[in-house]
Every structure is written in structure tokens, then in C-alpha cells.
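Just passing along the structure, written as C-alpha cells.
The model shown is predicted, which means the values in this text are computed figures rather than measured ones. Below, chains carry the letters A, B, ... as their sequence lines are ordered, and counting in each starts from 1.
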Amino acid sequence: MTGRRGGRPLVPAYLSTGGVARPSRAHLERLSVLTGSGEPAPADLPAAQAALLEELEHGSLTVVEAAALLRLPVSAVLVLAADLIDRDLVLARPPIPPARRFDPDLLKRVADGLRDLKHR
Amino acid sequence: MIELPDLVVGGLAVGTLSAFALGGGLLRSRRQLAAQRAKTAALRAQLDGTTRAFTAEVEHLAARRVPAAARQVAHPHVAVPGPLGPQLAGSPLGLALEQVLKGLQAELAAQRTRIDAAAQAGMRGATREIQAALYRLQDALRGLQQRYDDPELAQTLFELDHENEQSLRRAQIAAVVCGAWVGLAREESHLVDAVTGGQARLAGYQRVRVHNHLEAGTALVSHAVEPVAIIVAELLDNALRHSAPDTDVVVNLEAVRHGVCVTVDDAGLGMTQDERARAQRMVAGSEPILLTELGDPPRMGLAAIGQLTRQFDLSVDLSSPSPYGGVRAVLRVDSHLLTRVDPAALPPAASAPRSTRRAERAVPPLADGAARASEPAPATASDGSEPATASRKPEPPSTTADDHGYGTDQDDHASAPAPGHHGPRDSGGLPQRRRRSRATPPTDAPAPAPAPQRRPRRPEESAAALGALQSGTAAARCAARPNTGAVPAVSDDAPATTTADGATDDTGRGRNDHEGGTAR
């Protein structure tokens, strides 16, 4: 999945979005999860948007995964995804935040409190 | 005494006679001399006339005929005037003067070719360097595009990439016109990729509509990829340039009997008969190209197409007007330049339009692969609006395509895994991430089939459901408040926290426990 077997790609990335790199929605991130909404795609969908939608048919993907599968830069996929979201063809969820470590200080205070209760 | 006078008389008589004779001779010779003088004068006059005529003829040659003959080398329509004296036409002098013109023209033509060849060599060297530098720039820009996704930066990178593509096209065209190689070796590629790639090299590419009516997987052999991209780019450039900015340029990719045709139609002004004939002559590539003939600034597009059609055995036709009113250009790629690339293993670029033929092609795999089709047939048919569901389905489409394909990769498909299996295809021994397939449930269990058809819940719906739950529990607590005094402490902060709080107080304790746990 590293692109072409060799050589440079024939089709530059800007063609996928018609030269636009500013997504219509700002909240999309690299790890936002995209899911197809199941709505039937209109026939006049631009090719790259249709290709993204087709990837999402097989299940949800993060933006970076979709970018890797489509061999496009993330910036282009953000634009495509935002357009599809605007047309209600794709749903996006914010990225799942990484699990945070519990604050050991807090844990210690809870344990102290419990012990205190027990001894009372 | 008598003898003496006789003698004298005799002598006198002889003397007189001889005097007469001499006088007659003298007279005659004098007359002859006069006649000759007159003749000489006449001849001299004639000679003067001839010399004057000859001088005038040579002056005419220098002033009129030589420049015209020299111009005729470059512009064949220029007529060389004839000699001044019409009687000279067949004479040795006339022929000699003709020889002068012929020799001059031959030498001029040779010089012209030599000078042009030198100019072309110089330009070739320069453009090769420029082209290489622009490819390096392209690499750098694409690396940056991959690395940074800040919208503002990405926008700039996209614009720079586009500018770079246009410069690259100019340099490449100039190099090709000057007889250089196209400058880039490519892998076998989908034909639609080559066309879309050519489209991307132009300003105003957004006006181009590509309709792909080819079998998925129709590809070009490696050495034809770049020429086809260049030719398509030049044809599209002409079309975009000569049509109004609010009209579309339509490209159709169609299979024909002996190959594939790329048809470019514009809705512009069109060409006159003469222009069309000239363009057709240029793209046919039958005449050698001279830079000096391309105008100033040189119009290289058609000349480059001519070079490429000759070198790569392609053919371009500009002879018919377009039904849209403009020009119709048809590039024909013969089947010996075509091959097949498995669209499942190496899909075309995301921006390349998918084939419109997938609807027909989805039918055969359903016939033999009905067991694996977990979704109903109409659903697949309605997929017609979403590209290449058929082309991405693994093997059956490509085997059916072989029936009328170009048959160079037959053994490739024979070694491919059985239909319906997402087995590891040849990827150079590297692990490959497979797409998750929705159609994976075991074929003997039809029950789970409806499950994937459930629509994913939208975020707003989820929020509405949870909100309803929350307001329900809040209402219940309000109702319960008069009875118990301990509850209000909890219900006060319930609206501020997630519904997991309310739910733990309510009946859904076990169900939502884990949510509350992760939320903390």
C-alpha cells in the first residue's frame, strides 16, 4: 500500500478535489472516523468522492486510513470527506481520545480516604 | 618616229586601261567597306541592345527572382517571377539562370535544416535540464503534501504542484518537438489514468469532463503511457483554449474494433477548412519539423503530437467537426499498445472516473457468485452510481473481461486465487492490508445478512436518544422528589454530567456501567 509499484503517480493529488485544499468543515482531524451513511450516492458525484465513499462501504475508516487506501494526501481526503458530510453521505465521529493514565496522586488520596473510612 | 608614238600610245592605252581597272576595283572596295561599316554599326547596335537586355535580366534576377526563390524555400506558396524577356525562356541563358536559382534554393534548404538542427539540439539540452529539475521539484512538493495537512499550506502546495505540472508540460513539449525522448519511463498504467494525468497538466482542467466507457483494467503498455498523456494534454489544451470558459470539454474513452479511442470534443469556434487541413498535416507527423516553421512564439502542441504519433504508432484525427460545434479530436490507440492491469490489485487513481460499464459487468459475477452475494441483486445494480464496486470485486470481473480483453495477461489471471476469496495476492512478499469486506458472513447463515443493512446511527440521533433518556430520568426524579429527601443532591448535577450518571441511578445501571467507567 505504498502507492504505485514504482515511478511517480500520473494523477496529481489536487485533481481529486479540483484544486481545493480548504475543507468546508474545520473539525475533521487525521484520526476522525468516517462512516458511510448508507444513502445512495448521486450519479454526479466527483470521481474522488465516489472512490472515498466506496472505500467506506467496507466499514468505517479513519481519515488517514482512507488517505492511504486512496493514495491521496490527508489534506485532500479532508476536503473530500467534508464535502461528503455536507451532502449527508458520510458521517464523521471525532477521534477517540487516547486513554489517559490515572493521576497517582488522586488514587493515593482515594485510598487514604477509604482507609480512613474503614478505620473510623 | 612612228614606232615611238605607237609605243607610247600602246603604253598609254595599257596605262589607261589599268587605271580604269584599278579605279573600278577601288570603287568596289570602297563600296564594300561602306557596306561593312554599316553592318558593323548595326551589329554593334545589336550587341549594345543585347548587353543591355542581359544586364537588365541579371538585375531582375538579383532584385526579384533570387529573393523570391529564397522565400520559396520557407514558404512554398511564394511564386518566383519569370525572366524579363519572354523569348529567354527556352534559351541557354534562360536555362543557366534557372540553374542559378535551383542551386541557391538547394543550398538555402540545406543551411536551413542545419541551423534548425543546431537550434533544436540547443533547446533539447536546455529543456532536458529544466524537465529534470521540475521533476525534482514535483517530488519535493508531493513529499510536502504527504507530510503537512494544514489547509492553508496544503492549498499553497496544491497550487504550486499545478503550476509545476504546467511548466513541466511546456518543457516536455519543447523537448519532444526538438526530437528528444519524452523524458520519463512509466509503469503500465490504466488508460484512464493517463488521460486524467494529461488533464491535470492544464490550466482550467476543471472544465474537462471525462467519461470512461472502457473495461475496467484497460491499460497502456509502459512506453505508451507518457506519450498518450502528452497527446491528450495537448488536445485538451487546444480544446480549452479555443472554447468559451463557461463550456465543458468532453472526453470519451471508448473501445473500438482494433483498440481504444479517446475523443475530445469542444464547443468552441471550430476550424476553417484550411486550418483543419494544416492541423491534420501537423498531427500526422509525416513532415520533418522545423522550429522556424512553428511561428513566433512557436506553437508546439500539434507539432509535438505529430512527433509522438510518428514515434509511437498512434494516430490522431482532427478532420471532423464536433457535434458540439467546435473541433473533434480523436486519438486512436491500437491494441498492440494496450494491455490489462488488474484493477483489484492496482486500482486506477482515485480522481480517475470509474468505468460506466460496471453495471453490465456486475451481472456475470452475480450469476456464478450468487452464494457469496449477501446483499440483494438490486442493491448491486443501484451501485451503478457508485464507481467500481464491480471492479473492486476480486476475480470474476477480470476473468470475464478476458473474453474480450486484450489477452496479454492471461496467465496472470490463471494464477489468481479462486473467486470470492480475499486471499493474499502477489504483493512482492510483503504483508498487505486488506480491506474489510462487508460480505464476509459464512454463506450457510442467511440470518445475519440483514444486520449490516441497518443504517449507522447518526451522531444527532444518538444525542437525541440519550437526551430523551436523561430528560426521562430527570422527570422521574422530579416526580419522586417529594417522597425521598436524599435524591435531589444527585439530580441537581444530573443535567451537567453525562447521562451515564442518571442511568446508574435508574434502571440501566448494568448496561451503562462501562461508559461511566471510561468517562471518568
Side-chain angles (χ1 to χ4, degrees), chain A residues 1-2 4-23 26 30 35-48 50-55 57-61 63 65 67-80 88 91-93 99, chain B residues 135 138-139 142 145-159 161-162 165 184-187 189-190 193-194 196-197 199-200 205-206 210 225 229 346-354 382-389 392 428 432-433 435-438 453 455-456 458-459 518:
Chain A
M1 283 299 160
T2 51
R4 298 262 145 190
R5 284 169 291 180
R8 62 192 66 239
L10 260 167
V11 185
Y14 59 81
L15 195 71
S16 62
T17 63
V20 180
R22 298 187 186 94
R30 279 194 164 222
T35 314
S37 68
E39 308 265 339
D44 61 338
L45 211 56
L52 173 60
L53 205 55
E54 180 201 328
E55 293 293 345
E57 260 178 27
H58 307 290
S60 302
L61 289 173
V63 169
E65 281 179 307
L69 287 171
L70 294 176
R71 289 161 306 168
L72 289 174
V74 170
S75 47
V77 176
L78 289 177
V79 175
L80 297 177
D88 281 341
L91 308 175
R93 289 171 204 280
Chain B
Y135 278 130
Q138 188 184 59
D139 284 341
R142 293 194 177 164
Q145 281 175 16
Q146 293 293 339
R147 201 176 316 154
Y148 300 107
D149 44 325
D150 169 60
E152 292 306 318
L153 181 55
Q155 185 74 51
T156 313
L157 289 173
F158 277 6
E159 279 158 19
D161 199 9
H162 187 205
E165 286 280 340
L184 189 63
R186 292 206 182 264
E187 298 282 329
S189 306
H190 292 276
D193 272 5
T196 325
Q199 174 197 352
Y205 62 87
Q206 291 94 340
V210 181
V225 176
L346 196 75
S351 332
R354 301 308 197 257
S382 75
D383 276 352
S385 50
E386 306 173 9
T389 42
R392 293 289 178 87
Q432 222 177 352
R433 187 188 188 283
R435 293 180 175 83
R436 275 172 290 165
S437 167
R438 194 162 47 164
Q453 290 185 343
R455 276 183 63 238
R458 328 182 100 265
T518 50

Among the listed options A:Ala67, A:Ala21, A:Pro46, A:Ala76, the residue most often paired with chain B at heavy-atom distances under 4.5 Å:
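The answer is A:Ala21.
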
Pick from B:Gln206, B:His162, B:Gln199, B:Gln138: which one has the most heavy-atom pairs with chain A under 4.5 Å?
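Among B:Gln206, B:His162, B:Gln199, B:Gln138, the one with the most close pairs to chain A is B:His162.
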
Side-chain heavy atoms of A:Pro9 within contact of B:Arg142, under 4.5 Å
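Yes; the side chains approach each other to less than 4.5 Å.
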
Kindly give the heavy-atom pair with the smallest separation between A:Ala51 and B:Ala350, and that separation in Å.
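Looking at all heavy atoms of both residues, the closest pair is CB-O, 3.9 Å.
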
Write down the atom of B:Gly197, the atom of A:Val11, and the distance for their closest heavy-atom approach.
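Shortest heavy-atom contact: N-CG2, 4.0 Å.
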
A side-chain contact here means heavy atoms from C-beta on lying under 4.5 Å apart; do A:Ser75 and B:Pro151 qualify?
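They are not in side-chain contact.
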
Is the shortest side-chain heavy-atom distance between B:Pro347 and A:Arg71 below 4.5 Å?
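In contact.
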
Flag the pair A:Thr17 / B:Phe158 as yes when at least one side-chain heavy-atom distance between them is below 4.5 Å, and no otherwise.
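Yes. Closest side-chain heavy atoms under 4.5 Å.
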
Given the rule in the side-chain contact (heavy atoms from CB on, under 4.5 Å) test, do A:Tyr14 and B:Glu159 qualify, once you have shown the distances and angles that lead to the verdict?
CA-CA 8 Å; A:Tyr14 59 81; B:Glu159 279 158 19; over 6 Å; no

For the residue pair A:Arg8 and B:Leu184, establish whether any side-chain heavy-atom pair is separated by less than 4.5 Å.
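They are in side-chain contact.
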
For each of B:Ala200, B:Ala154, B:Ala352, tally heavy-atom pairs with chain A at distances under 4.5 Å, and name the one with the top tally.
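Option with the greatest count: B:Ala200.
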
Minimum heavy-atom separation for A:Arg30 and B:Gln146, please, with both atom names.
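A:Arg30 and B:Gln146 have their closest heavy atoms at NH2-O, 3.7 Å.
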
Using every non-hydrogen atom in the two residues, find where B:Ala229 and A:Leu10 come nearest and quote the distance to one decimal.
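Of all heavy-atom pairs spanning B:Ala229 and A:Leu10, the closest is CB-CD2, 4.5 Å.
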
Less than 4.5 Å to any heavy atom of chain A: does that hold for the side chain of B:Val210, its backbone, both, or neither?
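Neither part, no heavy atoms under 4.5 Å.
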
A:Asp44 versus chain B, the contacting section by heavy-atom distance below 4.5 Å
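The answer is neither part of A:Asp44.
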
Should we count OH of B:Tyr135 as having more than 12 external heavy atoms under 6.0 Å?
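Yes - once you tally the heavy atoms of other residues, nucleotides and ligands closer than 6.0 Å, there are more than 12.
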
